[in-house]
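Right, one structure below, let's go through it.
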Protein chains: 2
Amino acid sequence: MNKPVTIHDIARMANVSSATVSRVLSNSSYPVSKELKEKIQRIAKESNYIPNLLGKQLKMNSSMTIAVIIPSIINPFYSSVLFGVEEVARQHNFTVITCNSLQDPALEDEYIRTLVEKQVKGLIISSISKDKRLLKSLLDRGLHVIAIDQKIEGEGISQIEFDYHKGGAMATRHLQAKGHRQIGYVTSKIDRPSRRSICQGYLEAMQSAGLEPMVEESPADEVYNAVYEFDSGKRLAGKLMDRPNPPTAIFACNDMMAFGVINELSRRELQVPQDISVVGFDGIDVGQMIHPPLTSIKQPDYEMGKMACKMLMDMMDDAGPMFDIVLQPKLLERKSVRDITGD
Amino acid sequence: MNKPVTIHDIARMANVSSATVSRVLSNSSYPVSKELKEKIQRIAKESNYIPNLLGKQLKMNSSMTIAVIIPSIINPFYSSVLFGVEEVARQHNFTVITCNSLQDPALEDEYIRTLVEKQVKGLIISSISKDKRLLKSLLDRGLHVIAIDQKIEGEGISQIEFDYHKGGAMATRHLQAKGHRQIGYVTSKIDRPSRRSICQGYLEAMQSAGLEPMVEESPADEVYNAVYEFDSGKRLAGKLMDRPNPPTAIFACNDMMAFGVINELSRRELQVPQDISVVGFDGIDVGQMIHPPLTSIKQPDYEMGKMACKMLMDMMDDAGPMFDIVLQPKLLERKSVRDITGD
DNA sequence: TTGTATGCGTTATCAT
DNA sequence: ATGATAACGCATACAA
């Protein structure tokens, strides 16, 4: 294994000082004579010079790296977010470290610590931890934080929120507008603000229409896993249908769960949407690939990632005022809801 | 923004040398008296000391960072791989940089260069580029490479392959065993070894059974995107069914495409599997969530990620001999294939 | 325009 | 057991 060539090696080969080499190879605006510049560039190329960014970064105190902490990359929603983040990061010559917190606050904190040690100055996080003290204590160390998906209260952290409450209400009202009055809601364990908001949106929409809510909540949520969500969708839909007065429509807190609901219904030989309607939440792409195509509330995942990264870049450039963004839900009307107003 | 405290600051506060501080805080085995050790640890804690790993890494010439280059994190197969990688990386206190090459060789090379500049010593790559010279030239700079999914010929790069050929044959034979004789194959543009192998597995299985192959290939593949695959699945299935002698079973080169096939068939009021059978490839989780659950060839994605990262860690530790791994396909028999042997 | 010298924060070698 | 000092590779203030 050859040892790498440094600017000093090149300086020696070109009979110049390493300062001059640095000026040339770092594209500094500092004036260097044309002939020396060309000579140095030629030698650098011939010797296959590769700069060691650790040296530069140590000197400049900037690692040109940002990080994303999300519950799990397996979740298509988060992989779309990450995809958006990575796209704009690349445009700014930044590199992205991905961290799966697995819904584990301790792991989340461990990651944050490591990232700061690695001199990551920008972080996009969907935080699961209750205790945000660690994160906040790092703000005055030059860490810039954007909270996505899960809000972080307090100063100095920009938010890209999604109006979960409105989304929950929107889905429920859509069902109501289609003539449904018995509308069930199935949800993963309500252990986070986002889930609480969706549920409250549902509850308020039911209440203001004078309807009786029917909620089934999954008991635990240790494993963050698509199949797990699917299975609890099945189980909870079963519970709902076993009630004395079963719903004519079911609203699920995410699309995976909605898939489970549909699956359980079809196992019971109930057709969607003929016999019962289903609405999901997230609007992931596969939703349009199943049968019937799933009506859902779209959360702009990819766009959220792009916006988050743009904001982060602006923050790190100290450009302009800080602000939060609240993304609005959108109804993706597909084929899983039946209009029963005529019945 | 406070300036960060360094070991020198702590040394001053503790009236010791920075060497001693370093010994304590880096958990060196070098002997330091108990009282000094405790004192330094106390002061470090009180002053909220956070080590700057850039300094350490520059000195040690190791960045404790690996990278993964994949076509797109949007693809559930690759997000599972990444999930596996990240899991074992974390266990080794490594951090993972994610790069989406978007099937663009130029972008892939750009990433590789940047990563090497960042002193990343380990790379797991599903390479799309034809020209592997850049990659190989970096091997003797201490870069360790594991090729997944797409083989890279040559020395010094370990492979974690998947037996695509066998997988293609396995799916085809399964269909044959269920009595199908007109079996169509739909595939994305055959522009990579993996896709070629699957197709050849299909062709050989057809040939050795004395059957006529029916292949539909998607013309282009610029955009790597689930919805795009879905749409070409629909289109190609349509072409197949419009033939004078349409198939009784369709095999698709990936699950997304199989979803498209099923969708197009159901649009034509053909039931799967009653009227026509479908087999996918990849075995992604959502395959079991659709109706009917998709029979598919399982590629062990998550396990592949874990193995790749383990191998990489061993390589970087210089532990043991180098070897390649060929993962074997597995038939995931679900509900999208009908047995017509009795008909 | 070029060179000299210093420091970024850390570890490690060599004295003491 | 502890300290002084020299790297690691780079950028830059200052000198020439």
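Labels below follow one simple rule: chain letters A, B, ... track the order of the sequence lines, proteins then strands, and each chain is numbered from 1.
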Length of the line joining [X]:[atom1] and [N]:[atom2], which is rounded to integer Å:
{"X": "B:Asn27", "N": "C:dT10", "atom1": "CG", "atom2": "C1'", "answer": "14 Å"}
{"X": "A:Gln57", "N": "C:dT10", "atom1": "CD", "atom2": "P", "answer": "16 Å"}
{"X": "A:Lys56", "N": "C:dG9", "atom1": "NZ", "atom2": "C1'", "answer": "19 Å"}
{"X": "A:Leu25", "N": "D:dA11", "atom1": "CG", "atom2": "P", "answer": "8 Å"}
{"X": "A:Gln119", "N": "C:dG9", "atom1": "CD", "atom2": "C1'", "answer": "9 Å"}
{"X": "A:His8", "N": "D:dC10", "atom1": "NE2", "atom2": "P", "answer": "8 Å"}
{"X": "B:Leu54", "N": "D:dA11", "atom1": "CG", "atom2": "P", "answer": "14 Å"}
{"X": "B:Lys39", "N": "D:dA1", "atom1": "NZ", "atom2": "P", "answer": "17 Å"}

Is it true that atom CD of B:Glu46 has more than 12 heavy atoms of other residues, nucleotides or ligands lying nearer than 6.0 Å?
yes
Check whether more than 12 heavy atoms from other residues, nucleotides or ligands sit under 6.0 Å from atom NZ of A:Lys37, and answer yes or no.
no
Pairwise 5' ranking along DNA chain D for B:Val32 and B:Met60, keeping only the more 5' one
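Going by which nucleotide is closer to the 5' end, it is B:Val32.
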For the helix from C:dT1-D:dA16 to C:dT16-D:dA1, what angle separates the axis at the start from the axis at the finish, each from five pairs, in steps of 10°?
50°
Out of C:dA12, C:dT10, D:dG9, which has the shortest distance to the side chain of A:Asn52?
D:dG9
Side-chain contact check for B:Ser22: nearest option of D:dT12, C:dT11, C:dG9 is C:dT11
Between A:Asp104 and A:Ala106, is there a donor-acceptor pair closer than 3.5 Å when you use the side chain of the first and the backbone of the second?
yes
I'd like to know if the side chain of A:Glu108 reaches the main chain of A:Ile128, judged simply by a donor and an acceptor atom lying under 3.5 Å from each other, with no hydrogens or angles considered.
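Judged by distance alone, yes, a pair lies under 3.5 Å.
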Determine, stepwise, if the pair A:Ile152 / A:Gln159 fulfils side chain to side chain contact (heavy atoms under 4.5 Å, CB included).
CA-CA 7 Å; A:Ile152 298 179; A:Gln159 317 284 326; 4.2 Å; yes
Please tabulate, one pair per line, each protein N/O and nucleotide N/O from nucleotides 3-7 of chain C that are separated by under 3.5 Å, including the distance.
residue : atom : partner : partner atom : Å
C:dG3   : OP2  : A:Ser17 : N            : 2.9
C:dG3   : OP2  : A:Ser17 : OG           : 3.3
C:dG3   : OP2  : A:Thr20 : OG1          : 2.8
C:dG3   : N7   : A:Arg23 : NH1          : 3.1
C:dG3   : O6   : A:Arg23 : NH2          : 2.4
C:dG7   : N2   : A:Lys59 : NZ           : 3.2
C:dG7   : N3   : A:Lys59 : NZ           : 3.4

Given B:Ile69, which partner from the list B:Leu115, B:Ile124, B:Thr98 fulfils the side chain to side chain contact (heavy atoms under 4.5 Å, CB included) test?
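Single pass found, and it is B:Leu115.
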Can A:Leu135 and A:Leu123 be said to form a side chain to side chain contact (heavy atoms under 4.5 Å, CB included), step by step?
CA-CA 10 Å; A:Leu135 205 51; A:Leu123 173 62; 3.9 Å; yes
Non-hydrogen side-chain atoms of A:Asp131 and A:Pro105 separated by less than 4.5 Å
no
So, does B:Ser26 get its side chain near the phosphate of C:dT10, meaning an N or O under 4.0 Å from OP1 or OP2?
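Indeed not, no polar side-chain atom of B:Ser26 lies that close.
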From A:Ile148 atom CD1 to A:Glu161 atom CD, the distance as rounded to the nearest 0.5 Å:
12.0 Å
